[in-house]
Asks: 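Structure below; questions to follow.
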Amino acid sequence: MVELEQSVLIRRPLAEVFALASDPKNDPDWSAVVEQVEATGPLGVGVHLIQRVHLLGRRAHVPVEVLEYEPPVRVVLRASIPHIQVMGWRLFEPTPDGTRVIFRTQARLSGLFTLTTPLFVRAARKHLEEDLGQLRRLLESASLPQPLQAP
């Protein structure tokens with residue numbers, strides 16, 4: 001089992017951050033890995049999505065299911081392709097300076113993919129850090145109203 005966790009402080013109100021970052025349909029706007037997302041309906045428990053991703057030099061269509069949806073604090077997703085099962089938590093916490101976003105991932109690799117575990121972990125950690133940085137830049141950009149000011 002591979003476990004990763006990364007967080008970022010975004011100087012925006014919780015509702016704004018949750019609105020953008022909780023919905024996988026918005027992932028192509030800030031994730032270098034996710035190219036396209038199709039959903040069976042609006043975000044909520046039981047919704048199924050197909051993400052077209054580009055990771056480790058390969059493209060894949062990944063089915064994703066929303067297991068939990070608790071606005072504005074939590075979304076839990078499950079993705080599964082042959083030999084890779086992933087659980088992902090998107091957690092949102094208000095802070096005096098804005099919103100802390102925490103992405104937690106558990107992945108189980110099987111078959112020959114277990115041989116690629118170290119490569120998978122390095123790539124996933126790198127992409128997660130870069131993606132959260134891009135999410136922060138997007139939400140704090142000049143195209144949105146001014147970010148929260150630190151006290």
Side-chain angles (χ1 to χ4, degrees), residues 1-81 84-109 119-151:
M1 172 84 67
V2 174
E3 295 186 13
L4 300 169
E5 183 173 306
Q6 187 74 26
S7 69
V8 66
L9 176 64
I10 300 176
R11 294 182 182 277
R12 303 297 304 175
L14 175 64
E16 287 181 24
V17 175
F18 186 84
L20 180 75
S22 67
D23 193 338
K25 291 183 296 237
N26 297 324
D27 291 3
D29 294 338
W30 53 267
S31 174
V33 175
V34 181
E35 297 177 334
Q36 182 180 14
V37 179
E38 297 175 18
T40 60
L43 185 61
V45 174
V47 169
H48 292 266
L49 306 108
I50 299 291
Q51 289 186 331
R52 188 177 74 203
V53 301
H54 185 228
L55 184 62
L56 299 175
R58 295 182 171 223
R59 284 194 165 80
H61 288 85
V62 179
V64 177
E65 180 182 5
V66 178
L67 299 179
E68 296 179 33
Y69 178 64
E70 300 173 25
V73 296
R74 174 184 174 105
V75 176
V76 180
L77 308 166
R78 177 175 54 206
S80 182
I81 59 175
I84 303 175
Q85 289 74 47
V86 178
M87 290 286 294
W89 290 261
R90 297 180 181 195
L91 308 170
F92 304 86
E93 300 173 349
T95 73
D97 296 328
T99 304
R100 174 148 315 277
V101 178
I102 303 162
F103 277 27
R104 186 175 299 141
T105 303
Q106 290 181 343
R108 185 176 307 279
L109 283 67
L119 180 62
F120 176 86
V121 169
R122 276 194 304 275
R125 187 173 284 127
K126 176 182 176 272
H127 285 298
L128 187 55
E129 183 176 338
E130 290 173 357
D131 288 351
L132 286 177
Q134 179 60 25
L135 177 64
R136 180 181 45 77
R137 286 186 291 278
L138 177 65
L139 281 159
E140 292 180 354
S141 73
S143 64
L144 295 171
Q146 285 297 323
L148 296 174
Q149 300 300 314

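What you are looking at is a predicted structure, and each value in this text was computed from that prediction instead of being measured. The analysis underlying the following values was restricted to heavy atoms, covering all of them including side chains, and did not include hydrogens, waters or symmetry mates.
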Asks: Which atom pairs, donor and acceptor, lie under 3.5 Å between side-chain atoms of residues 70-80 and protein residues at least two apart or in another chain?
Replies:
from	atom 1	to	atom 2	distance (Å)
R74	NE	E68	OE1	2.7
R74	NH2	E68	OE1	3.0
R78	NH2	E65	OE1	2.7

Asks: What pairs with Q36 under side-chain hydrogen bond (donor to acceptor under 3.5 Å, both in side chains), at least two apart in sequence or on another chain?
Replies: R52
Asks: Specify the closest pair of heavy atoms between V47 and P42, including all atoms of both residues, with the distance to one decimal.
Replies: CG2-O, 2.8 Å
Asks: How about M87 and L67: do any of their side-chain heavy atoms sit closer than 4.5 Å?
Replies: yes
Asks: side-chain hydrogen bond (donor to acceptor under 3.5 Å, both in side chains) with S31: which residues, sequence neighbours excluded?
Replies: D131
Asks: Return the set of residues passing side-chain hydrogen bond (donor to acceptor under 3.5 Å, both in side chains) with E5 (not counting sequence neighbours), or none when no residue passes.
Replies: R104
Asks: Taking atom CD of Q6 and atom NZ of K126, what is their separation to the nearest 0.5 Å?
Replies: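 Q6 CD to K126 NZ: 13.0 Å, rounded to 0.5 Å.
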Asks: Quick check: do P63 and I50 have side-chain heavy atoms less than 4.5 Å from each other?
Replies: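 Yes, side chains in contact.
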Asks: Could you list the residues that satisfy side-chain hydrogen bond (donor to acceptor under 3.5 Å, both in side chains) with R136, not counting sequence neighbours?
Replies: none
Asks: Measure the spacing between CG of L139 and CG of D29 and express it to the nearest 0.5 Å.
Replies: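 Result: 10.0 Å between the selected atoms.
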Asks: Can you tell me how far apart NE2 (H61) and CG (L49) are? Round to the nearest 0.5 Å.
Replies: 13.0 Å
Asks: Between T95 (side chain) and R100 (backbone), is there a donor-acceptor pair under 3.5 Å?
Replies: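 No; zero donor-acceptor contacts below 3.5 Å.
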Asks: Write out all pairs satisfying salt bridge (charged side-chain N to carboxylate O under 4.0 Å, His left out) with one or both partners inside residues 86-95, taking only residues at least two apart or from two chains.
Replies: D27-R90
Asks: Starting at CG of L135, measure out to CG of N26 and round the result to the nearest 0.5 Å.
Replies: 9.5 Å
Asks: Indicate yes or no for a side-chain donor-acceptor contact from T99 to the backbone of L14 under 3.5 Å, with no hydrogens or angles considered.
Replies: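 Yes.
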Asks: Considering only heavy atoms from C-beta outward, does the side chain of V37 approach that of P28 to under 4.5 Å?
Replies: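 Yes; the side chains approach each other to less than 4.5 Å.
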Asks: What is the minimum heavy-atom distance between A21 and F92, and which atoms define it?
Replies: CB-CE2, 3.6 Å
Asks: Looking at CG of L9 and CG of L132, how far apart are the two atoms once the value is rounded to the nearest 0.5 Å?
Replies: 12.0 Å
Asks: State the CE-CD distance between M1 and Q85, to the nearest 0.5 angstrom.
Replies: 9.5 Å
